[in-house]
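Encoded as structure tokens, the structure appears first; notes follow it.
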Amino acid sequence: MRTVRTLATAALAGAALLGLAAPAALADSPSPSTDPGKDTASVVGPTEAGTTFRTAARFLPGQQATAQAATGDYLYWVFPADTGQRPTVDATVTLPDAALRHGPATWRIDVYDGLRRRQPCMYGTQARAAAKETATVRLTCVLRPVRASADTWSNDPLPGSYYVRLTATSLPDEDLGQPFTARLGVSTLDKGGAYATDGSLAAPLVPGATTADQAEADEKAGRPTAVEAAAPEDGWSSGWWSDRWLWTGAGGVLAALAGIGGYVLTRGARRPSRVPPAA
């Protein structure tokens, strides 16, 4: 019985350790620098936007990017997203005065990955129609969690640069060219090992990424590589580690303890009860 009690205590201790690891794997806890509950307006980002993919204004999650443009323009920004993160893009458009507008307008944001594949939104209001009297329009796009690797035929989001495009898709011709102000922010949630994969990319999908030889040459020359220049604030993750290792290790320990306990409980006494002690 002492052995059984010891095994039961060990199993409970293992379950407690597994319970401590579970919240880290399951909770959608934002990274410290990208907590959506914080006032991101205090973290100033770029004050201009690009007009093409090549001229997209770069900013980091947690920063607030702003731009002033004319209605009908296409505005582009770019931000990094790493393995295990689920980005949420939030854009607010301040429209011209209602007295200057001639009718309703529809505004839209689209998000593209480093291969310029348009990424669908899990949920959120990606496009919204604004009445003539509307002063502001808010658009939101919650992307799927970023995976370390994916099949070549799939459209799964991969680590690298992500482009945001904002424009008015429908409005009266008389309203083209009127000034508006846009404010854009991105927050990320760490989804952990729930979306981990067994492989990883050789390099994140960023514009200007080169071969390993060129990257080594840039490093020797003291020049930052394109991958380093486009990295998040704390750098790119390796992609091989996730909290799935904690689940695997804890599960293996519990399975071993359960096997030993089952053996002890089912093997019976060493000496049959019907045999006299002196035999």
Go through the steps to decide whether Phe79 and Val164 satisfy the test side chain to side chain contact (heavy atoms under 4.5 Å, CB included), and finish with yes or no.
-> CA-CA 8 Å; Phe79 67 92; Val164 182; 3.6 Å; yes

N/O donor-acceptor pair under 3.5 Å between Thr55 side chain and Thr51 backbone | yes

Any donor and acceptor pair, going by atom type alone, linking the side chain of Asp113 with main-chain N or O of Arg116 inside 3.5 Å?
-> yes

Please answer: with hydrophobic residues joined when any side-chain heavy atoms are less than 4.5 Å apart, are Val89 and Val137 in the same cluster?
-> yes

Transitively linked via ILVMFWY side-chain contacts under 4.5 Å: Leu139 with Leu184?
-> yes

Which atom pair, heavy atoms only, marks the closest approach of [X] to [Y]?
X: Ile109; Y: Ala91; answer: CG2-CB, 4.1 Å
X: Ala230; Y: Val206; answer: CB-CG1, 3.7 Å
X: Ala49; Y: Leu75; answer: CB-CB, 4.0 Å
X: Pro159; Y: Val146; answer: N-CG1, 3.3 Å

Residues Asp110, Arg165: salt bridge by 4.0 Å N-O rule = yes

Listed partners of Leu100 passing side-chain contact (heavy atoms from CB on, under 4.5 Å), at least two apart | Asp97, Gln178

Return the set of residues passing side-chain contact (heavy atoms from CB on, under 4.5 Å) with Arg144 (not counting sequence neighbours), or none when no residue passes.
-> Gln119, Pro120, Met122, Asn155, Asp156, Pro157

Let me confirm one number: the [atom1]-[atom2] distance from [X] to [Y], rounded to the nearest 0.5 Å.
X: Leu171; Y: Leu176; atom1: CG; atom2: CG; value: 5.0 Å
X: Gln85; Y: Leu143; atom1: CD; atom2: CG; value: 11.5 Å
X: Ser149; Y: Leu158; atom1: OG; atom2: CG; value: 7.5 Å
X: Arg183; Y: Thr94; atom1: CZ; atom2: OG1; value: 6.5 Å
X: Leu95; Y: Thr71; atom1: CG; atom2: OG1; value: 7.5 Å
X: Ser187; Y: Gln63; atom1: OG; atom2: CD; value: 13.5 Å

Candidate list Asp90, Thr125, Thr92, test side chain to side chain donor-acceptor pair (under 3.5 Å), partner Arg138, passing option | Asp90

Report the residue from Lys132, His102, Arg101 that forms a side chain to side chain donor-acceptor pair (under 3.5 Å) with Asp175.
-> His102

More than 12 heavy atoms from other groups under 6.0 Å of CD on Glu48 = no

What do the steps show when you test Thr52 against Tyr74 for side chain to side chain contact (heavy atoms under 4.5 Å, CB included), and what is the final call?
-> CA-CA 7 Å; Thr52 65; Tyr74 286 86; over 6 Å; no

In a check of ring-ring contact (aromatic ring centres under 6.0 Å, His included) between Tyr76 and each of Phe53, Phe59, Tyr112, Tyr163, which one passes?
-> Phe53

Is there side-chain contact between [X] and [Y], with at least one heavy-atom pair below 4.5 Å?
X: Pro80; Y: Pro204; result: no
X: Thr188; Y: Asp190; result: no
X: Arg86; Y: Val142; result: yes

Verdict with reasoning, Trp107 to Phe180, per ring pair (Phe, Tyr, Trp, His ring centres under 6.0 Å) | CA-CA 12 Å; Trp107 291 81; Phe180 72 92; 4.8 Å; yes

Check against side chain to side chain contact (heavy atoms under 4.5 Å, CB included), Val93 and Leu166 | CA-CA 9 Å; Val93 180; Leu166 170 68; 3.9 Å; yes

